[in-house]
Amino acid sequence: MIDAARRSTPLRQSAKPNIMNDQSLPPYAGPSRVFSGVQPSGALHLGNYLGALVKFVALQDQMECLFCVVDLHAITAWQDPALLVAQTREIAAAYVAAGVDPQKAIIFPQSAVREHAELAWILNCVARLGWLDRMTQFKEKTGKHKERASVGLYTYPVLQAADILLYKATHVPVGEDQKQHLELTRDIAAKFNHDFTAPGFFPLTEPLIEGPGARIMSLRDGLAKMSKSDPSDQSRINLTDDADAIAGKIRRAKTDPLPLPETLEELKIRPEADNLVGLFAALAGQSRGQVLQNFGGRGFGEFKPALADLMVACLAPVTQNMRRLIADPGEIDRILVDGADRARAIAAPILAETRKIVGFWPGR
Ligand code: TRP
């Protein structure tokens with residue numbers, strides 16, 4: 001029997017595995033499934049491309065994949081309604097332009113599958129305030145002014161858990177910055193399974209973080225993430241930048257005065273050099289070591305033009321496709337309608353089962 005006191009005990013009092021991860025309980029035994037999402041709240045950049053889109057393309061041949069445009073998440077901060085719908089189509093266009101095949105993977109807008117919001121409510125009642133109070137991204141985004149943030153921004157990670165668990169997704173490709181949200185998703189899943197005595201109902205989802213594009217840093221500061229919220233446009237390569245813009249940004253990218261090192265150990269302590277070498281490696285499909293074999297000992301005057309050429313060659317077909325798709329919103333909308341239908345076909349029975357487990361009236 002589970003008593004009320006135990007039900008409301010926070011999970012993470014220690015880093016030790018607890019009853020929620022009890023190995024003696026039957027684990028999740030359903031199929032493997034991938035879910036990920038990108039917010040339609042601004043232009044995509046090279047970090048999104050290498051850290052997310054390239055991974056999505058690789059995964060679509062390995063498992064069933066759902067790639068969502070998370071517009072419910074976007075409105076946790078103010079979005080101009082006319083821009084929101086355009087940006088939603090733009091993210092979908094970027095998925096397709098990067099090589100996600102809408103026949104294989106499911107591409108859809110989050111708000112088109114109402115079940116996300118309903119499961120989020122249920123999970124809001126499973127997650128504890130103490131868990132959300134520890135979310136570093138909320139603290140970073142709101143700083144000293146958390147009383148002015150939307151309630152939605154606070155509970156954002158619970159909606160993210162609902163996105164994932166609505167499809168019983170087992171694997172979630174995300175950037176390093178989403179690690180804590182994925183841990184929360186596991187805690188929520190485990191607590192739900194435990195509180196409702198439904199062992200193995202929700203999976204304990206694994207993040208897929210590793211990969212050459214996992215840490216793409218700002219071109220102006222090798223210690224800060226490349227980000228769409230950085231006030232300097234010089235800090236990032238946008239997926240809409242043309243060849244001249246790319247070449248200019250790489251030419252002006254911050255570096256130190258030394259030539260490129262010969263070894264990985266020396267590279268590690270030079271964040272800007274490490275970032276540019278990492279970018280080259282990710283775009284060329286090489287390791288950092290291979291890049292140093294070719295460029296170790298050479299100056300940035302030689303390396304930067306080679307990097308810019310490679311970047312333009314890799315991105316030009318993607319940006320071209322993206323422009324073509326954005327010019328034909330009818331095609332994107334057909335993809336999104338079809339994706340929403342396929343997503344709902346998976347989500348609806350899982351939500352129906354969840355409602356039954358929770359004890360909602362079954363009449364409708
Ligand atoms: N929070 C994620 C980000 O900012 C976006 C997101 C929302 C997401 N729901 C998700 C990512 C579910 C993976 C799975 O990158």
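To the nearest 0.5 angstrom, I75 atom CD1 is 12.5 Å from Y156 atom OH. Interatomic distance, CG of L129 versus OG1 of T155, reported as 9.5 Å (0.5 Å rounding). Rounded to the nearest 0.5 angstrom, I350 CD1 and E353 CD are separated by 8.0 Å. Between atom CG of residue L307 and atom CD1 of residue I250 there is a gap of 4.5 Å, rounded to the nearest 0.5 Å. Here the OH-OG1 distance, from Y28 to T205, works out to 8.5 Å after rounding to the nearest 0.5 Å. Note: L336 CG to C68 SG = 10.0 Å, rounded to the nearest 0.5 Å.
Comment: D274 engages R288 in a salt bridge, judged by a side-chain N to carboxylate O separation of less than 4.0 angstrom. A salt bridge links R89 to D333: one of the charged nitrogens lies within less than 4.0 Å of a carboxylate oxygen. Taking 4.0 Å as the cut-off between side-chain N and carboxylate O, K225 and D177 count as a salt-bridged pair. With salt bridges taken as basic N to acidic carboxylate O contacts below 4.0 Å, none links R334 and D338. Using a 4.0 Å cut-off between charged side-chain N and carboxylate O, K104 and E64 make no salt bridge.
Aromatic ring orientation, F196 versus F192: tilted (interplanar angle from 30° to 60°). Taking the six-membered ring where tryptophan is involved, the planes of F35 and H116 are tilted, since the angle between them lies from 30° to 60°.
Within the 3.5 Å criterion, the main-chain N or O of H73 finds a donor-acceptor partner in the side chain of T76. The main-chain N or O of P362 is never found under 3.5 Å from a side-chain atom of R355 such that the two would form a donor-acceptor pair. Side chain of T185 to backbone of H181: a donor-acceptor contact under 3.5 angstrom is found. Side-chain atoms of S32 never come within 3.5 Å of backbone atoms of T170 as a donor-acceptor pair (strictly under, hydrogens ignored). A donor-acceptor distance shorter than 3.5 angstrom exists from the side chain of D242 to the backbone of A245, with no hydrogens or angles considered. Side-chain atoms of K168 do not come within 3.5 Å of backbone N or O of A347 as any donor-acceptor pair. Listed for the K249 side chain is no donor-acceptor partner under 3.5 Å among the backbone atoms of I237. Between the side chain of N275 and the backbone N or O of M217 there is at least one donor-acceptor pair closer than 3.5 Å. In this structure a side-chain-to-backbone donor-acceptor pair under 3.5 Å is present from S287 to Q290. A distance-only check finds no donor-acceptor pair linking the side chain of N238 to the backbone of H45 [under 3.5 Å].
Between L219 and Q234 there is no side-chain heavy-atom pair separated by less than 4.5 Å. Put simply, the side chain of H171 reaches to within 4.5 Å of the side chain of M63, judged on heavy atoms. When side chains are defined from C-beta on, V69 does not count as touching V38, because their heavy atoms never get closer than 4.5 Å. Between Y49 and L44, every side-chain heavy-atom pair lies at or beyond the 4.5 Å cut-off. The shortest side-chain heavy-atom distance between L292 and E262 does not fall under the 4.5 Å cut-off. Contact of the I357 side chain with the F201 side chain is registered, since non-hydrogen atoms from C-beta on lie closer than 4.5 Å. For the pair L184/I188, a side-chain contact is recorded, criterion being any heavy-atom separation below 4.5 Å from C-beta on. Side-chain contact between L119 and T354 is present, with at least one heavy-atom pair separated by less than 4.5 Å.
Counted within 6.0 Å of NZ on K139, heavy atoms from surrounding residues, nucleotides or ligands total more than 12; the atom is thus considered enclosed. The environment of CZ in R298 is crowded: more than 12 heavy-atom neighbours from other residues, nucleotides or ligands sit within 6.0 Å. Open room surrounds CD on Q103; 12 or fewer heavy atoms of other groups in view lie less than 6.0 Å from it. In R215, the CZ atom is not crowded: 12 or fewer heavy atoms of neighbouring residues, nucleotides or ligands sit closer than 6.0 Å.
You'll find the ring centres of F280 and F295 inside the 6.0 Å limit. For Y95 and F56, the ring centers are positioned less than 6.0 Å apart. Annotation: F202 is not in aromatic contact with H194 [ring centroid separation under 6.0 Å not met].
Side-chain heavy atoms closer than 4.5 Å link hydrophobic residues (I, L, V, M, F, W, Y) into clusters, and following such links, possibly through other members, connects M135 to L165. Placement of I346 and L159 in two distinct hydrophobic clusters is found when ILVMFWY residues are connected by side-chain heavy-atom separations under 4.5 Å, directly or transitively. Each of M322 and V85 belongs to its own hydrophobic cluster when Ile, Leu, Val, Met, Phe, Trp and Tyr are linked at side-chain heavy-atom distances under 4.5 angstrom. The hydrophobic clustering, which links ILVMFWY residues whose side-chain heavy atoms are closer than 4.5 Å, places I164 and L66 together. Residue V174 is not grouped with residue M226 when hydrophobic side chains (ILVMFWY) are merged at heavy-atom distances under 4.5 angstrom, including chains of intermediate members.
Nearest heavy atom pair, residue S111 against residue D71, reads OG-OD2, 2.5 Å. Across I106 and G339, no two heavy atoms sit closer than the pair CG2-O, 3.2 Å. Closest approach of P40 to I91, counting heavy atoms only: CA-CG1, 3.8 Å. Taking every heavy atom of both residues into account, A127 and V158 meet most closely at CB-CG2, 4.0 Å. The shortest non-hydrogen separation linking A340 to V113 is O-CG2, 3.8 Å. What you find for Q79 and S41 is that their closest heavy atoms are NE2-CB, 3.6 Å.
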### Worked verdict on L315 versus I246 for side chain to side chain contact (heavy atoms under 4.5 Å, CB included)
CA-CA 10 Å; L315 292 185; I246 293 176; 4.1 Å; yes

### Task
Quick one: do E183 and R134 satisfy side chain to side chain contact (heavy atoms under 4.5 Å, CB included)? Show the steps, please.
CA-CA 12 Å; E183 278 164 20; R134 284 194 281 274; over 6 Å; no

### Verdict with reasoning, D256 to E272, per side chain to side chain contact (heavy atoms under 4.5 Å, CB included)
CA-CA 7 Å; D256 51 43; E272 281 82 18; 5.6 Å; no

### Message
Assess the residue pair T255 and L276 against the criterion (side chain to side chain contact (heavy atoms under 4.5 Å, CB included)); give the C-alpha distance rounded to whole Å, side-chain angles, the decisive distance to 0.1 Å, and a yes or no.
### Response
CA-CA 9 Å; T255 49; L276 295 186; 3.7 Å; yes

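For the side chain to side chain contact (heavy atoms under 4.5 Å, CB included) test with V172, the passing option among L208, L182, V34, I209 is L182; the others fail.
Counted by atom type alone, Q87 and Q39 present zero donor-acceptor pairs between their side chains at under 3.5 Å. Inspection of the Q110 and D163 side chains reveals an N or O donor paired with an N or O acceptor under 3.5 Å.
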